[in-house]
Structure formats: C-alpha cells, structure tokens
Amino acid sequence: MLKKGYKQLVDEAFAQIKTYSVAEALTKLDQAGVQFIDVRDVRELEREGVIPGAFHAPRGMIEFWVDPDSPYFRPVFEDNKEFILFCAAGWRSALTTKTLQDMGLERVAHIEGGFGAWKAAGAPVQEKEVKKIV
Ligand SMILES: O=S(=O)([O-])[S-]
C-alpha cells in the first residue's frame, strides 16, 4: 500500500502552486521576462508539436538543470524570469512546478490542462525543429 498516491501528490501540488488558464498564459507568451518551459518527453514534442519559444526541459532532468551547483545546469534558469511550465495535461507540470518552488524559484507557475488544452484552444503551436546532423 502506498503512503501517497499520484492523486494526493497532484492535489497537494495544485493547492500550493500558481495555475494559469490557457487564456492567462497566452497573454504572457511573448512577454519580456517570461519563459515557457516544456517538461514533456521529446517524443511528445515530435508527435504533438511545441509552443513557439518554449524551452524544452524534460521533467526527468529539470532539478539538475535548475541548480547552478549541478554539472547539468542550464543558464536559461539563472535569470530572474517568470517560468511557466506545461506538460501534456497538467499533472506532471503541477508536480514539477511544486518541486521548483520548493527549490526556491520565486516566480513559477503552470498551465491548466497543459499542451492539450493549449492546442484545443487554438493557441499557437508549431512543429518541433528537427536538428540536422551534418
Ligand atoms: O501530462 S500529464 O498531465 O498527462 S502527466
């Protein structure tokens, strides 16, 4: 028997994090000082598309990419931006937003319903660029 199931974890995260509707997030898409963060798996990006300008930080690595003391640190996280996370449907991003908040990021939020809701609302989507190996 688990001490906590996924539902409890997600509900606890929802209670402690900021959640933007798609409409609210859309107003922030091109805003200076705001960075969208896509925490989905790369295969989902290839299959479903991406939000223009979003930085891909897979959930599996994100704690290591955010922490400047980690050998995997990514400079995109060093600025004092607002980070808006999303996944496919809003559960992984809720857990990840809670984790980044626990790590000390002050302006972090996620998008309700994730990329699925974003796409369904007709918000901007583009194909993932395929990197050519030369
Ligand atoms: O992306 S997810 O909300 O289905 S975990």
Side-chain angles (χ1 to χ4, degrees):
M1 183 73 175
L2 296 172
K3 275 206 283 188
K4 281 187 192 185
Y6 81 93
K7 194 164 184 331
Q8 187 179 349
L9 288 174
V10 169
D11 285 347
E12 285 175 3
F14 278 148
Q16 293 175 60
I17 61 174
K18 180 184 269 187
T19 299
Y20 286 131
S21 65
V22 167
E24 287 169 327
L26 194 48
T27 66
K28 292 179 167 269
L29 185 57
D30 295 319
Q31 229 175 65
V34 176
Q35 178 66 59
F36 280 51
I37 303 288
D38 190 338
V39 302
R40 295 175 297 159
D41 183 86
V42 67
R43 285 177 296 260
E44 296 175 88
L45 278 62
E46 288 163 0
R47 195 175 58 230
E48 304 289 337
V50 301
I51 296 180
F55 181 79
H56 182 220
R59 182 174 176 230
M61 285 304 290
I62 200 164
E63 294 88 343
F64 304 97
W65 288 18
V66 166
D67 183 346
D69 291 336
S70 154
Y72 301 106
F73 175 66
R74 296 295 167 102
V76 68
F77 290 107
E78 80 195 331
D79 299 331
N80 185 28
K81 296 178 191 132
E82 177 176 24
F83 296 101
I84 301 181
L85 278 55
F86 64 94
C87 61
W91 290 354
R92 282 172 291 177
S93 60
L95 296 178
T96 314
T97 300
K98 166 80 169 63
T99 299
L100 298 196
Q101 201 167 281
D102 289 346
M103 289 177 79
L105 291 197
E106 286 173 2
R107 296 191 302 138
V108 57
H110 84 133
I111 303 176
E112 184 175 27
F115 187 78
W118 179 270
K119 210 170 179 177
V125 167
Q126 67 186 35
E127 276 188 22
K128 181 181 174 351
E129 272 175 33
V130 180
K131 284 193 187 127
K132 286 199 185 119
I133 301 166
V134 258

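Basis for what follows: all heavy atoms, side chains included, without hydrogens, waters or symmetry-related copies. Counting starts at 1 for both ligands and their atoms, following the listed order. All values reported here derive from a predicted model rather than from experimental measurement.
- The stretch residues 24-42 participates, sequence neighbours left out, in these salt bridge (charged side-chain N to carboxylate O under 4.0 Å, His left out) pairs: Lys28-Glu82, Asp38-Arg40, Asp41-Arg43.
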Which atom pairs, donor and acceptor, lie under 3.5 Å between side-chain atoms of residues 57-64 and protein residues at least two apart or in another chain?
residue: Arg59; atom: NE; partner: Thr96; partner atom: OG1; Å: 3.4

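- Taking the centre of each ring, Phe55 and Phe83 stay at or above the 6.0 Å mark.
- Listed by chain and residue number, Trp118 satisfy the ring-ring contact (aromatic ring centres under 6.0 Å, His included) test with Phe36 (two or more places apart in sequence, or in another chain).
- Sorted by chain and number, the residues within 4.0 Å of ligand 1 by heavy atom are Cys87, Ala88, Ala89, Gly90, Trp91, Arg92.
- Side-chain contact annotation: Thr97 with His110, donor-acceptor N/O pair under 3.5 Å absent.
- Annotation: side chain of Phe115 is in contact with side chain of Val125 (closest heavy-atom distance under 4.5 Å).
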